[in-house]
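Okay, structure first, notes after.
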Amino acid sequence: MSFDAANLLPILPEIAVLVTASTVLVLDLYLEERNKGLNHSLSLLGLVVALLLTGFVGGGETQILFDGNLVRDAMSDLLKGAILVVSLLAFIYARPWLKDRGMLVGEFYVLGLLAVLGMLIMVSANSFLTLYLGLELQALSLYALVAFERDSKRGAEAAMKYFVLGALGSGMLLYGISMVYGATGSIELGPVAQAIAEQGMSNKVLVFGIVFMVIGIGFKFGAVPFHMWVPDIYEGAPTPAVLILGSAPKIAAFALAVRILIDAMQGLHADWRDMLVILAVLSMGLGNLVAIAQSNIKRMLAYSTISHVGFIFLGLLAGSDQGYAAAMFYSIVYAVMATGAFGILIILSRTGFDAERLEDLKGLNDRDPWYAAMMALVMFSMAGVPPTVGFMAKLLVLEAVVRIDMVWLALVAVFFSIIGAFYYLRVVKYIYFDKPAEDAPVLATTGGVRVAMTFNGLSLLALGMFPAALLTLCQSAFV
Amino acid sequence: MNDFPLLTLTIWLPILGGLVVLANGEKSRDLSRWTALAFATLTFLVSLGLWIGFDASTAQMQFVERSPWIPTFNVEYFLGVDGISMPLIVLTTFITIFVVIAGWEVIKYKQTQYLAAFLIMDGIMVGVFSALDAVLFYVFWEAMLIPMFIIIGVWGGPNRVYATIKFFLYTFFGSVFMLIALIYMYFQSGSFSILDFHSLQLGMTAQTLIFIAFLLAFAVKVPMFPVHTWLPDAHVEAPTGGSVILAAIMLKIGGYGFLRFSLPITPDASASLDWLIIALSLIAIVYIGFVALVQQDMKKLIAYSSIAHMGFVTLGFFIVFSILANPAVDSGSVMGIEGGMVQMISHGFISGALFLCVGVLYDRVHSREIADYGGVINTMPWFGAFMVYFAMANAGLPGTSGFVGEFMVILATFKADFWWAFLAATTLILAAAFTLWMVKRVVFGEVKNEKVAALADLDIRERINLGVLAAAVLALGLWPAPLMNVMHATVENLVTQVSVCKLPDAERGQCELMRPEAVAAVAVRSE
């Protein structure tokens, strides 16, 4: 393995994030309390630089780096960009919450940046080993982030659950990898794909391995029946942590699925397709039905995540380039929507008060019409109502499913999305139809948050009306 | 045709207006009101350009605008109007003006957002009528729900949350299955253009399933029995403007859907299932007519009357097949569809006006119960006159627009089957009974209580509002020819389309059973 420019240049974005994380880690020790804001600015700067570098080194032919351990291709370019943008938004939203609680410390940013680094590595992994390393880097940072509010018992409980179940998921994945390695003799995606093409379905160990890998993917996505951790962690973790773990990691999980199922295991599509059908139907069904019963909005959004995962799986299982592109589009869009939703919850929180119940959204339109409109956009987008992008994402996925003659699956999907529409509408109801509580203060937010939220909300509308550009990018990743 | 994008302007001008009004904020009521009125009027004037520039001699799409939207899926920004959609667009922009005026004084809470919602709604509805790309159509179709959901939920009555969520979920439920049907047809035809769907050959099973998907979507919107139950709730709870838009335009979108999608795309399934639609229409006319009779609430009564009247529309649209199936009858199919169309436009005026009338009373007394009124004419002579006039029109009095459409549909139905026509004609009695009985109890008689005694008559704004609608009802009733002219070529073309068998050769025998003429038409074509 050689560390020359040809190998290092394409991973400049990762390097930038790592350098930022290290700098913040050290610098934080020397910062006085009143200067802690510098951590924030520096992290944002690091992400912006990484974003620019992604654009700079991106494009062009696929590059295999470090003896086949990493890859930079059209998909990794786009997904890295999306992860960085979403994380940027998340960091901006998180600041007032952290500041109010005197938690504007370096650790949050170090952990957050390391999680982002883990995701970037997952996205550009070209062997099971790098994939796993990236996944664990992301997961360990997130476990710590969930427990970030040291005095909170709920946070500690959530972190514990997350850690145990996350480790279980990773273990499953690793077990699957070991079997595939046994069957194919390689952990690099390319050779694995080749070996599968040669020996086909005959190898039982291989099929066994893929079952465990799908389970691992299911865990990381939070698909039913591997979803149990999602609602508890969303509820227990501090909102900024949920903001980070509920948005960009979905994109990374998508990359994980693509690298494993498509780049390595495309030859076994017939096997994993049926598994994904089951996971998708269960996720959409359970996610949407149980979300209705929630009065805690973080829990509700957790179940909503589960149902969206079902839709992402629909695109993946279609097994066509259109399907993969649709799933990719959906993952990115979902991450943007989730950031917006949790961002609003942070905006509604203040010192000593976390907005968690649906009632806390009451009369938002009276308190701040602009944020109300943005939240309504997010909700309509999650429900899949045009002209928001949520509709386009669903349309593309359904199109991919109908294309492979699985009309029944499309019907199931739309049926559950009708049920899902109800609880999103209920949020809009609280925002617009109810009067605010007597003691609800005026929302005071800094300009940066408002700008970010405006960008976030309006991008849902803009992408819904002009989806062609993003869609073309997604499709170029799968040709 | 010139290249000026008139349709785009008609769609986006009111939406832009809505945003401008929103940007005004709540500070100056007058500023937002006048801006809203200016944009609504301007949009109406622009849409008049469609009427003036329309070439009534052809069934071709006019004012066509076509540019790629999502190229990878062949989705286009494809607009155009024909004789069916153009009058509905003009109706939409026309009615919106009255809605803006009706909310002038009464809406106190967040009036800016109220007006903006209606302006945005205006643009979206025009978009539904002019979209010729299925995805674009669907986007507008669903987008319509958002402002309406908020209008009912924010400015509605006490039970508004229940009503608006019911409204949203019912319509959402209906339309998602249509989406699947549209995607399916995209894979059959390779494009999302509705015109390509029209020329698509589909087997009987596929046609039937697509027909049912469309039926779910449009029947909920129209609404037809038995999926009509959202309408009375939504109407009762909606603010006056919301009721007017619902009754006058949103219901028409369901009817329009039948003409644009069901009939031309699935003519054979329509022909084999026409009994279902006719039965449901007759139930709507007769049964819902009786239901309207017993209502205590004026808005509910008008809502049920709307369902009954929309029954006429669907009856007119689907009676075509019985006429085509009977070689002895050589005319009437065009009349049925045209009758349905006239009925839609006329019902837009009349139901809109009736809801405005109820709104006038509600603004003053804050009750919609018939029992709370009596002898209104003693204190409000102007209002009494308008109310009686529109009630007569609703009952189908000759000379008003209500008569024309109903008469044409009944006449067409007569050619198909005497007993159907007989049932349909009972509406002349029923509608008279429920509307006039309501008028008798509300408008005439002794002054019932001191609230009625204290009523102030219509102010100049309300008089103009109702007066213009009254003139429109009268004009359409006495001289419907201009409207019929505009749509005639298109409807004739539509009848030709439905009489062509679209089944593949192997199944063509089924056409012969249902429409002997149809096979003949195909035979002539293939020569």
Side-chain angles (χ1 to χ4, degrees), chain A residues 322 325-326 365-366 369-370 372-373 376-377 379-380 383-388 391-392 394-396 398-405 407-411 413-422 424-426 428-435 464-472 474-476, chain B residues 15 22 25-26 68-73 75 77 109-110 112-113 117 124 127 135-146 149-156 160-162 164-187 192 206 209 213:
Chain A
Q322 286 88 355
N365 188 35
D366 280 336
W370 186 248
L377 270 179
M379 285 299 125
F380 279 120
V385 181
T388 57
F391 163 73
M392 280 299 161
K394 285 206 165 65
L395 175 72
L396 297 173
L398 292 175
E399 203 159 29
V401 176
V402 173
R403 193 186 285 268
I404 55 164
D405 279 333
V407 180
W408 70 270
L409 200 53
L411 288 174
V414 294
F415 180 74
F416 283 124
S417 64
I418 302 167
I419 296 176
F422 171 74
Y424 297 123
L425 288 184
R426 195 170 50 182
V428 178
K429 175 221 152 204
Y430 280 113
I431 296 175
Y432 278 96
F433 307 165
D434 289 342
K435 296 272 168 290
M465 290 165 109
F466 307 101
L470 180 59
L471 181 62
T472 315
C474 288
Q475 281 177 324
S476 66
Chain B
I15 295 181
L22 270 186
E26 302 288 340
W69 182 26
I70 311 175
T72 39
F73 286 95
V75 177
Y77 181 75
Y109 175 74
K110 292 207 183 288
T112 301
Q113 291 185 0
I124 296 173
V135 173
L136 190 64
F137 172 83
Y138 191 83
V139 166
F140 281 126
W141 167 276
E142 290 278 66
M144 213 163 45
L145 296 180
I146 299 178
F149 176 74
I150 289 175
I151 288 167
I152 300 179
V154 176
W155 294 279
R160 58 184 196 270
V161 173
Y162 167 78
T164 194
I165 290 187
K166 186 171 176 182
F167 155 77
F168 192 103
L169 289 182
Y170 255 73
T171 27
F172 197 59
F173 170 83
S175 38
V176 288
F177 295 103
M178 173 170 76
L179 179 65
I180 304 283
L182 296 177
I183 296 175
Y184 175 81
M185 284 189 287
Y186 161 66
F187 287 116
F192 270 115
L209 290 175

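Computed from a predicted structure; not experimentally measured. Residue numbering restarts at 1 for every chain, and letters A, B, ... go by the order of the sequence lines. For the numbers below, each heavy atom of this structure counts, side chains included, while hydrogens, waters and symmetry mates do not.
- Atom NZ of A/Lys429 is separated from atom CD1 of B/Ile165 by 7.0 Å, given to the nearest 0.5 angstrom.
- For A/Met465, the parts lying near chain B are the backbone and the side chain together; criterion is any non-hydrogen pair under 4.5 Å.
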### Message
I'd like to know whether A/Asn365 forms a side chain to side chain contact (heavy atoms under 4.5 Å, CB included) with B/Gln113, so could you lay out the CA-CA distance, the side-chain angles of the two residues, the decisive distance to 0.1 Å, and finally the verdict.
### Response
CA-CA 10 Å; A/Asn365 188 35; B/Gln113 291 185 0; 2.9 Å; yes

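- A/Leu425 touches chain B through backbone and side chain together, each having a heavy atom under 4.5 Å away.
- The contact between B/Tyr109 and chain A is made entirely by side chain atoms (from C-beta outward), counting heavy-atom distances below 4.5 Å.
- When each of B/Phe187, B/Phe140, B/Tyr186, B/Phe172 is scored by its heavy-atom pairs under 4.5 Å with chain A, the top score falls to B/Phe187.
- The parts of A/Asp366 that come within reach of chain B are both its backbone and its side chain, each placing non-hydrogen atoms under 4.5 angstrom from that chain.
- Ranked by non-hydrogen atom pairs under 4.5 Å with chain A, the options B/Trp69, B/Tyr77, B/Tyr184 are led by B/Trp69.
- You'll find the ring centres of A/Phe433 and B/Phe149 inside the 6.0 Å limit.
- Residue B/Leu179 touches chain A through its side chain alone, counting heavy-atom pairs closer than 4.5 Å.
- The distance from the CG atom of A/Leu471 to the CD1 atom of B/Ile70 is 7.0 Å, given to the nearest 0.5 Å.
- Considering all non-hydrogen atoms of both residues, A/Phe380 and B/Ile146 come closest at CE1-CG2, 3.4 Å.
- With rounding to the nearest 0.5 angstrom, the CZ atom of B/Phe177 is 7.0 Å from the CZ atom of A/Phe415.
- Only the backbone of A/Ala383 comes within contact range of chain B, with at least one heavy atom under 4.5 Å from a heavy atom of that chain.
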### Task
Could you walk me through whether B/Ile183 and A/Leu395 pass the side chain to side chain contact (heavy atoms under 4.5 Å, CB included) test, one step at a time?
CA-CA 8 Å; B/Ile183 296 175; A/Leu395 175 72; 3.8 Å; yes

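- Using a 4.5 Å cut-off between heavy atoms, A/Glu399 contacts chain B through both its backbone and its side chain.
- Atoms CG and CD1, on A/Leu398 and B/Ile180 in that order, are 4.5 Å from each other to the nearest 0.5 Å.
- Using a 4.5 Å cut-off between heavy atoms, A/Phe391 contacts chain B through its side chain alone, with no backbone atom that close.
- The heavy-atom pair separating B/Leu169 from A/Ala421 by the smallest distance is CD2-CB, 4.0 Å.
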